[in-house]
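Some notes on the structure that comes next.
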Amino acid sequence: MSRISGHLKDLADRNRVALVPFVTAGDPNPDMTVPLMHGMVDAGADMIELGVPFSDPMADGPVIQRASERALQHHTSLHKVLDMVGEFREKDPVTPVILMGYLNPVEAMGYENFAREAAAAGVDGLLTVDLPPEEADDLLRALKDKALDPIFLIAPTSTDKRIERICETASGYVYYVSVKGITGSADLAIDEVTRRVEAIRKLTGLPVGVGFGIKDPQSAQAIGRIGDAVIVGSALIRRIEERLETPESIVPAVAELLAGMRSAMDSIR
Amino acid sequence: MPVSSQTDYTQMPDDKGHFGRFGGMFVSETLMEPLDELRLAYEKYMRDEVFLAELDRDLADYVGRPSPLYHAQRLSQQAGGAQIFLKREDLNHTGAHKVNNTIGQALLAKRMGKTRIIAETGAGQHGVATATVAARLGLECVVYMGEVDIARQEANVYRMRMLGASVVAVKSGSRTLKDALNEAMRDWVTNVDDTFYIIGTVAGPHPYPVMVRDFQTVIGRESREQILRQAGRLPDALVACVGGGSNAIGLFYPFLNDLETDIYGVEAAGEGLESGHHAAPLCAGKSGVLHGNRTYLMQDEDGQITETHSISAGLDYPGVGPEHAWLKESGRANYVAATDKEALAAFHTLTRCEGIIPALESSHAVSYAMKLAAGMDPKQIILVNLSGRGDKDMHTVAALDGTLL
């Protein structure tokens, strides 16, 4: 069992919904990423999705686009992201880390190279948003070879047939995208999300994470009633972006929002 | 790979949109089902005689097809070798080949019940061609255009707005065509229920590369008939400029199994391939994944897409259609490049000796064709796709001459 599966099972046994923050590696600068990761864990994060910056983040809204641009100004390459995970692991051997980004940087490194170096650094899974299962065979082989979990998205537009295919291909968890659109957009329609997640659960035993549109303790709590993991990204990055002039206030501000979400989620069980 | 008469070069792509190891569908999950719907609708209507008759009628009466094939005798003399024939896509309504595709996709959008059209544009030609068909069909139209391109193609921006389209300035990344495409994709993923995304080139996820190709092959089908009628034989070479590559594939495709015809795609060498300031992924890039397909890309060693440069906004794109990537690897087509300077010289030469002002994009093809012709026999034939006219480039060319219009 991978670190992700074991960790999620352990949380479920304790009746705790996983809180999963997303931040872009290298934003606002590479020195902040590892302290930010530790700060988020201290504030109640159970796993971390770490964004790999890309020049053309097609599925992301303006907030995460700007995070990517800030990171790339500091030349945050995939190699450097792996170094950050390695450094994080020196103090935290437990919290699962999932890299999230686009396929091309992984393809440029080479699938086997990536899988070897990512496993060595202590990465647990990879989510490439522009890679559907149909195109994933070669990468899947490389990931499975190094016991890395391939994480896939399920969307409001996914048919049952596609959901089954995705769940057969994925391991660790699946990520339900709660709105049609890009990251950081639109408000959640909780009833619709509930219905969709219930439908997904009929098709798979994998844990279901829910993300897109979660921005405060209220929405985290609402999604916490539905999913096994609550994924929050743009709302955290907005906090970073508002504090570019006072970088020392970034970790506390991000931690504060996460802690608020944590306690709102914990109060329901 | 050696070229072989045993290979049918027209059989690509496979049912998942692969041209050899290129192409495919590399998009976020939200778009997979809508793309499949689009593919099914497209396959259905390409067999529907009523749809095809409407498309043919529009191409004839609205676009002005067939476009002429013109023997450019003075240009041929100037080049000093093979006879150069020009396929006059510049005479189409809206001034370029782009409208062949937008007519087809807009008719499809209407059949699918979509009420809103979006598009990306670089030079503005595809944006204008999209705004034009949207106006004619009474559809809402939004065009995404990089801020940098908006500044260098003001006239086309004004044309699109006159036609009733909203032009949205894209301020992310390099603020050019690739970023406009990113932004159009973001719009589509958000508004996929009522919106049809008209991609302007043979790139993007399946089925776009094959669909746009099929709408553009009218160029090659006409050219083949016209050259057989005028010269009694097939050309020795085809030449077309390649940005994303839609005008080129439109010309090449009906000739792919005519192995006596050599095929040349001309990329933008900008300030020279060795300068790094160019837009020539087939000549100087490497394989990767961007905008929904695997193809040759301009990228750095970390897999980040690099900024491109060309005098012509329409060629200023870091990727290229996956079928071109496959034609390169299969050896069936050759990919070469012309610099800004060479294109500009060809622009002036064609204007002066034939009275035809070409688009800067098409000038790249004219430049290479003249170079190629010089090494060939006067009995031989080169057929060049003159994909667009140069009216839109007056400001750019005048500024280089030191004239302010």
Contact class of [X] relative to chain A, heavy atoms under 4.5 angstrom:
X	result
B:I305	both
B:D187	neither
B:E301	backbone
B:H18	side chain
B:L297	side chain

Taking only Lys NZ, Arg NE, NH1 and NH2, and the carboxylate oxygens of Asp or Glu, determine whether [X] and [Y] approach each other closer than 4.0 Å.
X	Y	answer
A:R70	A:E241	yes
A:R141	A:D138	yes
B:E323	B:R213	yes
B:R152	B:D316	yes
B:K178	A:D56	yes

Which residue out of A:N104, A:L103, A:L72, A:T159 racks up the most heavy-atom pairs below 4.5 Å with chain B?
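Greatest number of close heavy-atom pairs with chain B: A:N104.
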For chain B, find which of A:A59, A:P156, A:S68, A:P57 contributes the most heavy-atom pairs closer than 4.5 angstrom.
A:P57
Top contributor to chain A interface from B:G173, B:G288, B:G303 [non-hydrogen pairs under 4.5 Å]
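Highest number of heavy-atom pairs under 4.5 Å: B:G303.
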Geometric cation-pi criterion B:K286 and B:Y296, 6.0 Å radius, 45° cone
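Negative - B:K286 is either too far from the ring of B:Y296 or too far off its axis.
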Kindly indicate whether a cation-pi arrangement holds for B:R111 with B:Y45, taking the cut-offs as under 6.0 Å to the six-membered ring centre and within 45° of the axis.
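Yes - B:R111 lies over the ring of B:Y45, closer than 6.0 Å to its centre and within 45° of its axis.
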I'd like to check the salt bridge (Lys or Arg N to Asp or Glu O under 4.0 Å) partners of A:D31; sequence neighbours left out, ordered by chain and number.
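Counting only residues at least two positions away or on another chain, A:D31 forms no salt bridge (Lys or Arg N to Asp or Glu O under 4.0 Å).
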Do A:D149 and A:S171 pair up side chain to side chain, a donor and an acceptor below 3.5 Å, judged on atom types alone?
yes
Are a donor atom and an acceptor atom from the side chains of B:S174 and B:D179 found within less than 3.5 Å of each other?
yes
Any heavy-atom pair between the side chains of A:L99 and A:V81 that's under 4.5 Å?
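In contact.
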Check this for me: A:H74, atom NE2, are more than 12 non-hydrogen atoms of other residues, nucleotides or ligands nearer than 6.0 Å?
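Yes - once you tally the heavy atoms of other residues, nucleotides and ligands closer than 6.0 Å, there are more than 12.
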Parallel, tilted or perpendicular for B:Y208 and B:Y197, by the 30°/60° rule?
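B:Y208 vs B:Y197 ring planes: tilted.
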Checking A:I154 against chain B: side chain, backbone, both or neither under 4.5 Å from a heavy atom?
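Backbone only.
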Identify every side-chain donor-acceptor pair in residues 23-35 of chain B under 3.5 Å, counting partners at least two apart or on other chains, and give the distances.
| residue | atom | partner | partner atom | Å |
| --- | --- | --- | --- | --- |
| B:E29 | OE1 | A:R162 | NH2 | 2.9 |
| B:E29 | OE2 | A:S158 | OG | 2.8 |
| B:E29 | OE2 | A:R162 | NE | 2.8 |

Neighbours of chain B found in residues 107-116 of chain A - heavy atoms under 4.5 Å:
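Against chain B, the residues of residues 107-116 of chain A that fall inside the cut-off (heavy atoms, under 4.5 Å) are A:E107, A:A108, A:Y111.
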How about residues 195-209 of chain A versus chain B: which residues have heavy atoms under 4.5 Å apart?
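If one takes a 4.5 Å heavy-atom cut-off, no residue of residues 195-209 of chain A lies near chain B.
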